[in-house]
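Count residues from 1 along the sequence. The figures here come from the full heavy-atom set of this structure, side chains too, leaving out hydrogens, waters and symmetry mates. If you're wondering where the values come from, they're calculated on a predicted model, not measured in any experiment. Just follow the structure's listing: the first ligand is 1, and inside any ligand the first atom is 1.
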Amino acid sequence: MILTDDLSAAVGEAFAAAGLDARLGRVTAAHRPDLAQFQCNGALAAAKAAKQNPRALAEKICAALKDNPNFADIAVAGPGFINITLTDGFISSRAAALAGDERLGAWSKPETETIVLDYGGPNVAKPLHVGHLRAAIIGESLKRVLRFAGDKVIGDVHFGDWGLPMGQLITELKREQPQLAYFDEAFKGSYPDTSPVTLDDLERLYPQASAACKADPQRAEEARIATAELQKGRAGYLALWRHFVAVSRAAIEQEYADLGVTFDLWKGEADADKLTEVMAADLRAKGLLEESDGAHVVRVAKEGDKKDIPPLMLFKRDGGVTYGTTDLATILDRVRSLAPDRMLYVVDQRQALHFEQVFRAAALADIFPADRLEHIGFGTMNGKDGKPFKTRAGGVLKLRDLIDTVTERARARLADSGLAKGYGEAETADIARKVGIAALKFADLSNPRTSDYIFDLDRFMAFEGKTGPYLLYASVRVRSVLAKAEAAGAGAPGPVSIAAPEERDLALSLLAFGEALRDAYEKRLPHILCDHAFTLAQAFSKFYAACRIADEADAAARASRLSLTAATGRQLDLTLNLLGIEAPQRM
Ligand code: ARG
């Protein structure tokens with residue numbers, strides 16, 4: 001179904017017939033759309049390898065292809081590029097097939113894999129902040145892209161519930177309420193079902209505890225001991241910890257839901273704890289677990305490493321486990337319970353070394369092959385000062401506040417632009433929320449994942465330019481064009497027949513979707529789909545300005561344009577959906 005694949009096959013045959021590698025016939029969209037629609041640069045590489053003149057070689061390929069009925073023109077440009085222009089008839093028939101395809105020309109993966117997608121990574125008692133935002137937004141989009149391409153994807157939040165912060169919370173609460181049964185080692189009864197802390201308590205206790213531990217070594221030591229005791233299974237601490245986890249999870253799950261982000265599994269670091277001992281025994285038996293300064297580590301450095309890869313610490317001197325231990329044990333847990341083909345981690349790029357260590361340890365211990373473990377890193381969201389984004393007060397911005405802020409701003413923007421006028425309060429609020437979230441998500445996703453970007457709400461919120469609101473507006477406009485056409489009795493969509501340049505460009509934009517999806521899938525780069533959505537919306541906008549649709553007098557042209565419009569609406573909404581962006585019905 002991918003147009004450039006079919007063109008590549010045809011041009012590849014001509015290369016093969018000339019005794020050259022068929023793969024050199026790879027055709028891509030033209031870099032200069034003003035000169036041609038498609039191009040092939042293979043003659044340059046072929047000429048170099050065969051020590052021939054590139055232009056002469058390109059001429060030979062063109063001569064072999066000039067009778068291809070699908071090509072309106074094939075010609076050599078510059079030092080040996082081959083430029084291709086398709087006939088309108090061929091473009092029309094491909095566009096018609098796309099319009100009739102349920103998947104709108106999307107690519108499907110030849111074989112299905114079972115993939116665990118680890119994204120989100122929030123932590124108990126810490127409010128979600130913008131640092132967790134990117135993981136959620138990128139992860140949600142990748143989940144949808146992978147699933148749509150055909151994989152079986154299991155999204156796991158991997159809740160941060162097993163480290164030092166847990167001991168810090170326990171000791172902090174003990175100072176405030178030492179009388180609670182959880183702290184009494186002699187207590188033999190059953191612990192209360194209701195939590196002794198609320199979400200507000202947790203959000204107060206954690207910063208308090210972490211500041212105290214920083215300032216006072218004695219406090220830090222207490223927290224360290226409490227963490228180790230919790231991890232060894234002290235009953236009162238476990239009971240208390242369960243409350244912390246439940247209270248946090250309820251709040252965080254709601255914030256994710258408001259953002260349109262959901263998970264199949266709410267497992268945490270602690271869930272893998274039961275496997276730590278067997279895993280350690282196995283590592284020991286394989287001679288991989290070494291003592292170092294009282295701690296136990298796995299050496300993961302390899303000969304030929306370009307940088308220093310420190311050992312992965314499995315047990316600290318007090319026997320406590322680390323972030324690395326829980327991640328390694330989690331891999332084992334996933335292998336046993338889900339038997340996946342691959343595991344993907346959508347986590348901040350700054351954790352790259354951690355994942356390198358864990359992946360190497362997993363391979364060394366024969367738990368899972370390293371080439372099926374992928375760290376999908378991402379850059380930082382910065383403030384205008386170029387440093388990780390902070391609020392005006394200097395704190396991290398909480399996700400809840402961010403969602404409220406974008407919704408408010410969207411409401412103001414809608415009012416300024418005269419949109420959503422006269423709609424009821426509930427609908428206006430819903431549109432504002434969708435526009436706000438779209439602004440935020442699209443701004444995040446449209447940057448190549450590994451780059452940093454600057455948080456600039458005014459820019460994200462604009463209805464013009466490459467923004468979420470612009471795309472929602474485009475989607476709504478397509479819908480309204482179709483609704484008006486129907487109301488006017490414009491008839492049904494019919495066979496696509498392209499004549500105007502704006503029709504041609506729109507059809508070619510639609511036909512680029514299959515490859516964009518495959519690219520986004522293979523590179524794990526959602527911004528490729530953002531680019532596609534934007535190009536498509538722009539092509540539609542030009543088409544709409546240049547061509548009559550419902551009021552076109554020629555019935556065949558009208559039916560063709562209705563087909564193109566309907567396909568654009570469906571493909572745009574599908575692409576937005578793959579980005580995790582929801583469009584309103586109208587605005
Ligand atoms: N909780 C971690 C953090 O806030 C992120 C977890 C990412 N996933 C993982 N398997 N390590 O930094």
(message) Counting only heavy atoms from other residues, nucleotides and ligands, does the tally under 6.0 Å from OH of Tyr473 exceed 12?
(response) no
(message) Residue by residue, ordered by chain and number, which ones reach under 4.0 Å of ligand 1 with a heavy atom?
(response) Asp118, Gly121, Asn123, His132, His158, Tyr323, Asp327, Tyr345, Val347, Gln351, Phe355
(request) Only counting residues at least two apart or in another chain, list the ones meeting salt bridge (Lys or Arg N to Asp or Glu O under 4.0 Å) with Glu253. (result) Arg249
(message) Taking side-chain hydrogen bond (donor to acceptor under 3.5 Å, both in side chains) as the definition, give me every residue that meets it alongside Glu255, ordered by chain and number, with sequence neighbours left out.
(response) none
(message) With rounding to the nearest 0.5 angstrom, report the CG to CG distance, Asp531 to Leu445.
(response) 11.5 Å
(message) Please enumerate all residues that pass side-chain hydrogen bond (donor to acceptor under 3.5 Å, both in side chains) together with His375, with sequence neighbours excluded.
(response) none
(message) Between Trp107 and Ile2, is there a side-chain heavy-atom distance shorter than 4.5 Å?
(response) yes
